[in-house]
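Single-structure report; data block below.
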Amino acid sequence: MTQPVSVAIEDGIAVVTIDNPPVNAMSHAVRAALAEAIAKIDADETVSAVVLACAGRTFVAGADIREFNQPPKPPHLPEVIEAIETSRVPWVAAIHGTALGGGLELALGCSGRIADPRAVLGLPEVGLGLIPGAGGTVRLPRLVPLEEAIAIITTGKPVGAAKAAEIGLVDRIADDLAADAKALARELATRGKPAPLSASDPVETPEVDFWEAKREEIARKVRGQLSPVEALDAIRDAVTHHAGDALGAERARFLRLKESEQSEALRYMFFAERNTGRPDDVRDAEPADIRKVGVVGGGTMGSGIAAACLLAGFSVALGEQDAEAAARAAERVAGILDAAARRGLISEPGVADALARFDTGAGYGLFADCDLVIEAVFEDMDVKKAVFAELDKVARRDAILASNTSYLDVNEIAATTADPSRVVGLHFFSPAHVMKLLEIVNAGATSPRTLATAFAVAKTLRKTPVVAGVCDGFIGNRIFSAFRRECDFMLEEGALPQQIDAAMLDFGFAMGIYAVSDLAGLDIGWATRKRQAATRDPQARYSRIADRICERGRFGQKTGAGWYRYEDGSRIGHPDPEVEKIILEESERLGFRRVTLPADEIMHRILGAMQREAQAVLDEGIALKASDIDVALVHGYGFPRHQGGPMFKAGYRP
Ligand code: T1G
């Protein structure tokens, strides 16, 4: 085991190197070894300044999150940072990679900070349901402008090195990090160690109404998540009190939040997202080398998938039925790339490079040299079978064939090919170039190589893969359909769509189920229900409300009316008396005496329906583990991350 902290002294400059792969997290062993190194350096008169650096790919990326479920062991990070801040000599943090959380707080305890041009710096603790707990809320506003400090801490979003230098978070950007850090250390030794940040007085603080307005703004955005609002309160404390008092208050607030259910949920989700990887039976399988991806169909999903593949560096060939459709698809893809450039996700040269890797055309010929072909045509089994029959003729024998189907039986699709082992489901979520979730459908004949390739492609696309077995709707859509049915039952019993959506918003969803259905379009669900009609259990309760709405051609936003009414192309839905009339008629037909359902009852029934279906998905082996289900619902269906997921809410703990 390499030493977690090493010290090398040359010409009076000590270089302290932390080496704790993979991200130099500040585990107890690192804290103890660093505390020891600080003491030794303070006792060594030959040392005039110190550089604090990290081995491997990044500067300290934070406290060790795995330790949070155990009682904290001294030396605690604030104590180590205080020891650096009060050290006899100046310390300089040499930052590369991602200096995050406790890592940035460590750097704030130093007298100076220098960063590699590609470095990223941030305080992402709110994303774990926490606030910076080692002086970040106190030292940062004493170093950078208050508004910058508020943005960094309450959003958890990191800043790049250039921005960090611009706002004073780092003293300079390095050409040669090791050499330039030593030079800065020597400068500080010569000039004399500057006063520590925590010694400075409270900063100029705005009027009370600034804080109230900011608090309301943040609370509105985070929909029930506590930590961003608590972070603002901590900053307000920090800038209106002396640092010593503020540090104590920050630590108390941090420790309180660490025990909160929201923080437990967010820490659970942090690891669950990273633990959805390959099932054991394909862990050692060698994936195919994918460089060129074919996409069949250039509609919303096809063009989104093509754009996602281009943004990830693949070459892409998109095929449509005819030249006009192919041209329209090319425009859609170019539009997505341009929008990504406007948001700074890709440079203009990057867009040109992507388009140079992009080809569209009619027919199947352009798939002949693809390593992977993804079908994204209309959600109809016969249509998909016809596509796969053609692909089987045109695609290379070793090419992987994938269907983007969101419900249909991938085994049946695979059976139309000569070699079903190369067929897999890759269920993207719309918009495909944005949504993180990718359901990988492991069909009965899918080979380990094919499955391993699907996971490798997901990693390149920076998607969160969740493997699912074959059933109607796999994991996410099956659970979505189940709680959608429960919501329709509540409509029959007394609720209205706007009441159910309001309850979901209050729970933390970004949109209610009826608003989401209107956005996605009601026709796909209608087609699914009609397809399932023949095999539906006649004894099972079935609500006709949605069908009656669809029978009127009300398919949601795209038709100006669905569950809600949309005036003049607006995306804002309004309750529609016509829908309420249908609901009341159905209640009467079924003999319900309508009752008012309170929001907590609505959410209790929604979560209950989710949890029952999730347990069935787990029991049938469709999902490998409960946390995969929670990841799917959070990343594919807007389940609020700070609530952990339906299985977490039902009490599941890994
Ligand atoms: N603690 C423990 N393990 C961590 C970790 C951490 N802070 N960060 C990453 N890992 C593990 C991760 O589980 C995975 O493990 C491996 O490292 C690679 O991670 C006191 C209280 C740094 C941007 O929130 O954002 O400091 O799966 O797959 O995509 O105020 O990891 O290999 O076994 O994500 O290259 C604040 C969290 C903590 C940063 C790298 N810091 N990490 O991304 O790799 S709280 C964070 C990340 C804190 C102080 C407070 C990312 C990354 P395994 P990865 P990546």
Q: Output the distance between atom CD1 (Ile629) and atom CE (Met647), rounded to the nearest 0.5 Å.
A: 4.5 Å
Q) Residues in salt bridge (Lys or Arg N to Asp or Glu O under 4.0 Å) with Arg253, at least two apart? A) Glu230, Asp237
Q. Could you go step by step and tell me if Asp44 and Val47 meet the side chain to side chain contact (heavy atoms under 4.5 Å, CB included) rule?
A. CA-CA 6 Å; Asp44 182 344; Val47 174; 3.8 Å; yes
Q) Side chain of Arg283, backbone of Pro279: donor and acceptor closer than 3.5 Å? A) no
Q) Would you find a donor on one side and an acceptor on the other, under 3.5 Å apart, between the side chain of Asp171 and the backbone of Ile114? A) no
**Q.** Summary of salt bridge (charged side-chain N to carboxylate O under 4.0 Å, His left out) pairs that have at least one residue in residues 33-43, sequence neighbours excluded
**A.** Glu36-Lys40
(Q) Going by side-chain contact (heavy atoms from CB on, under 4.5 Å), Glu105 matches just one of Leu100, Val60, Leu123, Val80. Which one? (A) Leu123
Q) Does atom CZ of Arg223 have more than 12 heavy-atom neighbours, drawn from other residues, nucleotides or ligands, at distances under 6.0 Å? A) yes
Q | Contact check, side chains of Thr98 and Pro158, non-hydrogen atoms, under 4.5 Å | A | no
Q. Below 4.5 Å, heavy atoms only, C-beta onward: do Val466 and Leu438 meet side chain to side chain?
A. no
Q) Between Arg267 and Asn69, which heavy-atom pair has the shortest distance, and what is it? A) NH2-OD1, 2.6 Å
Q) Going through the checks in order, is the side chain to side chain contact (heavy atoms under 4.5 Å, CB included) test met by Ile235 and Thr154? A) CA-CA 9 Å; Ile235 296 166; Thr154 60; 4.3 Å; yes
Q: Verify, without hydrogens or angle tests, whether Arg251 (side chain) and Gly133 (backbone) share a donor-acceptor contact under 3.5 angstrom.
A: yes
**Q.** Residues forming a salt bridge (Lys or Arg N to Asp or Glu O under 4.0 Å) with Arg462, sequence neighbours excluded
**A.** none
**Q.** Taking every non-hydrogen atom, the tightest pair across Ala29 and Pro4
**A.** O-CG, 4.1 Å
Q: Measure the OG-CG distance between Ser347 and Asp353 for me, rounded to the nearest 0.5 Å.
A: 8.5 Å
Q: Please list, chain by chain and in numerical order, all residues satisfying salt bridge (Lys or Arg N to Asp or Glu O under 4.0 Å) with Lys163, sequence neighbours excluded.
A: Glu148
Q. Which atom pair, heavy atoms only, marks the closest approach of Ile38 to Ala83?
A. CG2-O, 3.8 Å
Q. Between Asp19 and Thr17, does any side-chain donor sit less than 3.5 Å from a side-chain acceptor?
A. no
Q | Sidechain-backbone polar pair: Thr446 side chain, Asn442 backbone, donor-acceptor under 3.5 Å | A | no
**Q.** Within-4.5 Å side-chain heavy-atom neighbours: Trp91 and Val89
**A.** yes
Q: Report the residues that fulfil side chain to side chain donor-acceptor pair (under 3.5 Å) with Arg113, sequence neighbours left out, ordered by chain and then residue number.
A: none
Q: Consider only side-chain N and O atoms of Tyr268 and Asp630, and report whether a donor and an acceptor are under 3.5 Å apart.
A: yes
Q | Cation-pi check, Arg256 onto Phe254 ring (under 6.0 Å, within 45° of axis) | A | no
Q: Please tell me if the side chains of Thr155 and Val126 come closer than 4.5 Å, counting only heavy atoms from C-beta onward.
A: no
**Q.** side chain to side chain donor-acceptor pair (under 3.5 Å) against Arg88, all qualifying residues, sequence neighbours excluded
**A.** none
Q: Taking atom types as modelled, find out whether Arg57 and Asn24 have a side-chain donor-acceptor pair closer than 3.5 angstrom.
A: no
Q. Is the side chain of His96 donor-acceptor paired with the backbone N or O of Thr58 at a distance under 3.5 Å, no angle test?
A. yes
Q: Answer yes or no: is there a side-chain heavy-atom contact under 4.5 Å between Thr460 and Phe455?
A: no
Q | Minimum heavy-atom distance Ala33-Val5, with the two atoms named | A | CB-CG2, 3.6 Å
Q: Tell me, please, which residues at least two apart from Tyr637 pass ring pair (Phe, Tyr, Trp, His ring centres under 6.0 Å).
A: Phe429, Phe480
(Q) Which heavy atom of Val424 sits nearest to which heavy atom of Ala454, and what is that distance? (A) CG2-CB, 4.4 Å
Q.
So does Glu85 get a backbone contact from the side chain of Lys193, meaning a donor-acceptor N/O pair under 3.5 Å?
A. yes
Q.
Lys649: which residues meet the side chain to side chain donor-acceptor pair (under 3.5 Å) condition with it, sequence neighbours left out?
A. Gln643
Q. Is the backbone N or O of Thr137 less than 3.5 Å from a side-chain atom of Glu250, with the two atoms forming a donor-acceptor pair by type?
A. yes
Q: Mind listing the closest non-hydrogen atom pair of Ile440 and Pro465 along with its distance?
A: CD1-CB, 3.7 Å
Q: Output, in order, the C-alpha distance, side-chain angles, deciding distance and verdict of side chain to side chain contact (heavy atoms under 4.5 Å, CB included) for Arg186 and Ile13.
A: CA-CA 7 Å; Arg186 283 198 187 86; Ile13 303 296; 3.7 Å; yes
Q) So, Thr464 and Glu273: side-chain donor and acceptor under 3.5 Å apart, yes or no? A) no
Q: Sequence neighbours left out, what passes side-chain contact (heavy atoms from CB on, under 4.5 Å) with Ala354? Give chain and number order.
A: Leu310, Leu337, Arg357
Q.
For a 4.5 angstrom cut-off between non-hydrogen side-chain atoms, does Leu140 reach Ile152?
A. yes
Q: Keeping the roles fixed (side chain from Asp180, backbone from Asp176), state whether a donor-acceptor pair exists under 3.5 Å.
A: yes
Q: Could you go through the side chain to side chain contact (heavy atoms under 4.5 Å, CB included) check for Leu34 and Val16 one step at a time?
A: CA-CA 8 Å; Leu34 186 53; Val16 174; 3.8 Å; yes
Q) Tell me, which pairs form a ring-ring contact (aromatic ring centres under 6.0 Å, His included) where one or both residues lie in residues 21-77, sequence neighbours left out? A) none
Q: In plain terms, say whether Glu125 and Lys258 are close enough for a salt bridge, that is, a side-chain N and a carboxylate O under 4.0 Å apart.
A: no
(Q) I'd like to know if the side chain of Ser48 and the backbone of Gly12 have a donor-acceptor N/O pair within less than 3.5 Å. (A) yes
Q) Between Glu79 and Arg31, is the closest basic N to carboxylate O distance under 4.0 Å? A) no
Q) Cut-off 3.5 Å, side chains only: do Ser263 and Glu261 have a donor facing an acceptor? A) no
Q: Using the test side chain to side chain donor-acceptor pair (under 3.5 Å), find all partners of Asp628 that sit at least two apart in sequence or belong to another chain.
A: Lys625
Q: Report the C-alpha distance between Glu67 and Lys73 in whole Å, list the side-chain angles of each, state the deciding distance to 0.1 Å, and finish with yes or no for salt bridge (charged side-chain N to carboxylate O under 4.0 Å, His left out).
A: CA-CA 9 Å; Glu67 293 183 353; Lys73 281 163 61 179; over 6 Å; no
Q: Would you indicate whether the side-chain heavy atoms of Ser87 and Val50 approach each other to under 4.5 Å?
A: no
Q. Who are the salt bridge (Lys or Arg N to Asp or Glu O under 4.0 Å) partners of Asp233, not counting sequence neighbours?
A. Arg215
**Q.** Flag, side chain of Gln262 to backbone of Gly129, donor-acceptor distance under 3.5 Å
**A.** no
Q | Validation row: Val170, Leu121 side chains within 4.5 angstrom (heavy atoms) | A | yes
